[in-house]
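On a predicted model such as this, the values are computed, not experimentally measured, just so you know. Reckoned from all heavy atoms, side chains included, excluding hydrogens, waters and symmetry mates. Throughout, a chain's letter reflects where its sequence line sits, starting with A, and its residues are numbered from 1.
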Amino acid sequence: MAKEYNFREIEQKWHRLWTERQTYKVVEDENKKKFYVLNMFPYPSGAGLHVGHPLGYIASDIYARYKRLQGFNVLNPMGYDAYGLPAEQYAIKTGQHPEKTTFANIDRYREQLDKIGFSFDWDREVRTCSPDYYHWTQWAFQKMFNSYFDEELQKAQPIEKLIEKFKQEGTWPTDEKAQSDLLMNYRLAFLGETMVNWCPKLGTVLANDEVVEGVSVRGGYPVEQKKMRQWCLRVSAYSQRLLDGLDTIDWSESIKETQRNWIGRSEGAEIEIPYTLSKDGDEAGSFTIFTTRADTMFGVTFFVLAPESELVDKVTTPDQRAAVDEYLKYVKSRTERERMIDHTVTGVFSGAYGINPITGDKCPIYIAEYVLAGYGTGAIMAVPAHDSRDYAFAKHFDLPIIPLVEGADISEESYDAKEGIVINSPITPDKSVEYDGERLCLNGLTIKEAIAETKRFVKAHNLGRVKVNYRLRDAIFSRQRYWGEPFPVYYKKGIPTMIPEECLPIELPQVEKFLPTETGEPPLGNAQIWAWDEKNRKIVDKKLIDEAAGIYPIELYTMPGFAGSSAYYLRYMDPHNDQALVSNRAASYWQNVDLYVGGSEHATGHLIYSRFWNKFLFDLGVSKKEEPFKKLVNQGMIQGRSNFVYRIKETNTFVSLGLKDKYDVTPIHVDVNIVKNDILDLEAFKAWSPEYATADFVLEDGKYVCGWAIEKMSKSMYNVVNPDMIVENYGADTLRLYEMFLGPVEQSKPWDTNGIDGCFRFLKKLWALYWDKDGNLALTDDEPSADSLKTLHKLIKKVTGDIEAFSYNTSISAFMVAVNELSQQKCSSRIVLQTLPVLIAPFAPHIAEELWEALGGEGSVCDARWPQYEEKYLVETSVKLGVQFNGKVRFDMLFPADATPEQMIELATSAPEAAKHLEGMDIVKTIAIPKRIVNIVVKPKT
RNA sequence: GCCCAGAUGGUGGAAUUGGUAGACACGAGGGACUUAAAAUCCCUUGGCCAGUGAUGGCCGUACGGGUUCGAUUCCCGUUCCGGGCACCA
């Protein structure tokens, strides 16, 4: 009896031994080089893990194990992003505390993860909802509150420095409330009265990245704009550093591009525009416009203000007042969503005129919703000839259009491109206003030159300034929810005040109900023990609130999801430290994440917030690197592959795919777990649902063939494949191999169980190499054959290169080839066969351990050394090359391996096979590509 | 509209970055072993054409051009699919 590959026994055994031996425990060791591998930690949802989750974890685990085999001290931790809406909504429905459901889900995740055999160091697990974790989330928030961004130093500084500055300038107010209000404009975490995305259905505000097309990402509920007092993080202060940092990190170009778009840097000019309240009136004031196209100053024919702009009131003339008010009413009535979808031209004349400082022309000032209050200055100069939105507006209101680019046809649409030669700037020399004896003239310049020249002119004559604008907005940092980190803040006579650092963490209070209170307060309004006793430094019953006694209300908002996930990678370095977020020693050792693996859907959320948060902590000296994640790999999504059965209408008869066109059928989703290779398991189908117990079938070739489609993996489509099933039937090693074999890690692909047998067969073949017919080890101490050594070293070379390049599917192919070759060579040499377990260990750790142990290896295969390939085994004594004439391969021949290109050409042209091709021909050119081909270009003799 | 990434057999995907396209796997077909099934092993498998046959020829990497002795790879144009941003001045 040959020894069977009993994956169940093997995997159970090694899970036990790994735990007993603490194989994956990692400690800082300054004598070893570190490597930090990280997965985006999961939100533990009630549905458990599906096959899409482990994809990234397996990919990073392979890399982590590989690095360990190379002698690195590898940190590969795992934890849970445990705060979140689903648990809270479940709590509202059932009254069950979200902590309870969350912990239950975590246990289930852990159980599933353990089956797959990851090399996580579970001693370092973090949970964002645990007080000793969010202690440091609250701490970081307080640090941000007590910091401001110094524009000159381009970094965060203690707020005391700013107070000092105000005192020196003599602008420091004496009133405490005024002091607080002043500093709020500078603090990195601040309370701001801003337009927020308010979602009435969820009863909370949302960040910009949580809203897509006017509805909430979670739930898809409508979102409206509302002015509210909210905690914000001054992410925008770091815009330039967030942008610059992108050039220093090894992330995919598309993610970096997405972030660049999100940050939205645009370089332009702010120009002062004086205005009058009638065509011939005197100057009544001025406003500032922002433009990236300073070169088009000569084409301005009107100005536009955003309806929300504070200037609207000032520029509206009495006789236009009624029309303007009506327009503002109309704009207010429109939701964000309507404004986004419907781009019809609307607007109203304000009655005032702006004076173009370059031409001296007076142009009407309009109010229109196509100009946004939140970007630039909320006011623009309109150049209809060269901006499509201005063009549409000008056509609609019949305003003049002045072309400024040579040859540009603007009869049908504007010419927006920044290419061409400038004309009409000015039309006549006297159309350019003279400043200090200089008149601006752009005619004949390219647009790029003209932009630079105008900026220079504007700056030189003090008409405005060069200005960089960013689209990146400050992040709204408070939520009206229960299941999140409470703010360590109380309101002392209305002034937000930090609870002392030593009193942290402020634990989430117990509440009876998880809904907002009847008075409209957030859920924390339900908490009874939720007031701060300043003198005794503790949380007390809110009935005791009394300013005189120094007992004040505590903030009722909680922090958003990204609060806990923004610095968790630092916490893994030192997860049990109760004195600091991370010790200096641990932070100095682990530095930052070398390899980060996760989905690209976090491009404008987590991956921006984390970078911001880390940059702040870097300024503080807590984090040791400016960028948190050196290399980022985005694993693709695993889509579902649904199966269908076809029921003949109004019957309980199901017809196989190939015959369905002959009947009138309804396709019905069928559970993919009772379908194998698209063949339906009829008995399982009958048992699946009582409705089908009596089903009849129309078969083809005795089988029922199901249809299929690629869809999102979801419960309702019965296409969810969970890893437990695969582990049960094939083992964790097969699952790991197959998930990687499916295709490149970065690529999205449907989960299709059809190919899994190939990986399972491979492991069985590998296993079979080691055992004889009687189940004994079949190894000999014979010298390996040259062929076997070549196979082995070819494999080492290929696998090493492929892992480095994250090309796991090709390295698995290489294993398959090598095992087939060794099996054909009947290789039984210990020298060759004891290397294989080490090579396969990152991919299939269980079988690797078992073989390693059987071969008498020391300890765990995890501590073996990754083999080096030797060129000498790969060298050929002779090489077979194709000889081609005029690019077509004509014959193959053998060359000495060390032949020079010249010698190869010589040999090829004198070979007998070449004679007939050379007959009557002249050799035009000869090329020899080493190890590839000898190319001879011929043409008929003239 | 702007930006980014793609398109290779029946299927998932390879191709050392300009050098014999289709590795590896699945599926399919044929065969061996077996009372039978499972498991295992072997052969064939991009298309078309010629040949009893070994084999030979032509066409083929979304489409149309170009550079090159040689293009899946580089350049220009077109179509289609995916992703991001979007009245951002």
Under a 3.5 Å cutoff, is there a donor and acceptor pairing between the side chains of [X] and [Y]?
{"X": "A/Thr791", "Y": "A/Gln825", "result": "yes"}
{"X": "A/Glu369", "Y": "A/Thr346", "result": "yes"}
{"X": "A/Asp474", "Y": "A/Ser236", "result": "yes"}
{"X": "A/Asp295", "Y": "A/Thr454", "result": "no"}

Whole angstroms only, please: what is the [atom1]-[atom2] distance between [X] and [N]?
{"X": "A/Glu257", "N": "B/C2", "atom1": "CD", "atom2": "P", "result": "15 Å"}
{"X": "A/Leu607", "N": "B/G84", "atom1": "CG", "atom2": "P", "result": "14 Å"}
{"X": "A/Phe7", "N": "B/A39", "atom1": "CZ", "atom2": "C1'", "result": "14 Å"}
{"X": "A/Ile812", "N": "B/A14", "atom1": "CD1", "atom2": "P", "result": "12 Å"}
{"X": "A/Trp251", "N": "B/A5", "atom1": "CH2", "atom2": "P", "result": "17 Å"}
{"X": "A/Lys798", "N": "B/A23", "atom1": "NZ", "atom2": "C1'", "result": "9 Å"}
{"X": "A/Asp387", "N": "B/C2", "atom1": "CG", "atom2": "P", "result": "14 Å"}
{"X": "A/Lys749", "N": "B/A14", "atom1": "NZ", "atom2": "P", "result": "9 Å"}

What contact category does [X] fall into here, base, sugar-phosphate, or nothing, at under 4.0 angstrom with non-hydrogen atoms?
{"X": "A/Lys764", "answer": "sugar-phosphate"}
{"X": "A/Val304", "answer": "nothing"}
{"X": "A/Arg265", "answer": "nothing"}
{"X": "A/Leu372", "answer": "base"}
{"X": "A/Lys797", "answer": "nothing"}

Gap in Å between the two [atom1] atoms, one belonging to [N] and one to [M], rounded:
{"N": "B/G10", "M": "B/A86", "atom1": "C1'", "value": "41 Å"}
{"N": "B/U68", "M": "B/G18", "atom1": "C1'", "value": "9 Å"}
{"N": "B/A23", "M": "B/A15", "atom1": "C1'", "value": "8 Å"}
{"N": "B/G46", "M": "B/U11", "atom1": "C1'", "value": "13 Å"}
{"N": "B/G83", "M": "B/A7", "atom1": "C1'", "value": "15 Å"}
{"N": "B/G66", "M": "B/G12", "atom1": "C1'", "value": "34 Å"}
{"N": "B/G13", "M": "B/A21", "atom1": "C1'", "value": "13 Å"}
{"N": "B/A54", "M": "B/G65", "atom1": "C1'", "value": "42 Å"}

For [N], take OP1 and OP2 only and decide whether either is under 4.0 Å from a side-chain N or O of [X].
{"X": "A/Arg260", "N": "B/C4", "result": "no"}
{"X": "A/Tyr370", "N": "B/A89", "result": "no"}
{"X": "A/Asn809", "N": "B/A14", "result": "yes"}
{"X": "A/Asn820", "N": "B/A25", "result": "yes"}
{"X": "A/Thr810", "N": "B/C24", "result": "no"}

**Asked** Does A/Asp387 use its side chain to pair, donor to acceptor, with the backbone of A/Ser414 at less than 3.5 Å?
**Response** no
Candidates [options] - which lies nearest the side chain of [X]:
{"X": "A/Asn754", "options": "B/C26, B/C85, B/A89", "value": "B/C26"}
{"X": "A/Ser813", "options": "B/G13, B/A23, B/A89", "value": "B/A23"}
{"X": "A/Met816", "options": "B/C69, B/A25, B/G27", "value": "B/A25"}
{"X": "A/Ile927", "options": "B/G27, B/C69, B/A25", "value": "B/C69"}
{"X": "A/Asp757", "options": "B/C24, B/A89, B/G27", "value": "B/G27"}
{"X": "A/Gln747", "options": "B/A25, B/G13, B/C87", "value": "B/G13"}
{"X": "A/His343", "options": "B/C87, B/G13, B/C85", "value": "B/C87"}
{"X": "A/Val937", "options": "B/C85, B/C69, B/G13", "value": "B/C69"}
{"X": "A/Thr292", "options": "B/C85, B/G13, B/A89", "value": "B/A89"}

How are the rings of [X] and [Y] set relative to one another: parallel (under 30°), tilted (30 to 60°) or perpendicular (over 60°)?
{"X": "A/Tyr370", "Y": "A/Phe393", "value": "tilted"}
{"X": "A/Phe290", "Y": "A/Tyr375", "value": "perpendicular"}
{"X": "A/Phe760", "Y": "A/Phe7", "value": "perpendicular"}

**Asked** Would you call B/G9 syn or anti, using the 90° rule around 0?
**Response** syn
**Prompt:** For B/U17, does the glycosidic angle fall within 90° of 0 (syn) or outside that (anti)?
**Reply:** syn
**Prompt:** Between A/Thr346 and A/Thr258, who's closer to the 5' end of RNA chain B by nearest nucleotide?
**Reply:** A/Thr258
**Asked** Quick one: on RNA chain B, does A/Gly264 or A/Asp802 contact a more 5' nucleotide (nearest heavy atom)?
**Response** A/Asp802
**Asked** salt bridge (Lys or Arg N to Asp or Glu O under 4.0 Å) with A/Lys256: which residues, sequence neighbours excluded?
**Response** none
**Item:** No-H, no-angle donor-acceptor pair, A/Asn935 side chain to B/C69 base, under 3.5 Å
**Value:** yes
**Request:** Taking ring-ring contact (aromatic ring centres under 6.0 Å, His included) as the test, write out the residues that go with A/Tyr873, two or more places apart.
**Result:** A/His793
**Dot-bracket encoding of pairs in RNA chain B, which uses [ ] for pseudoknotted crossings and | for another strand, Watson-Crick or G-U under 3.5 angstrom** = ((((.((..(((......[....)))((((((.......))))))(((((....)))))..(((((..]....))))))).))))....
**Separation between CD1 of A/Ile255 and CZ of A/Arg260, rounded to the nearest 0.5 Å** = 11.5 Å
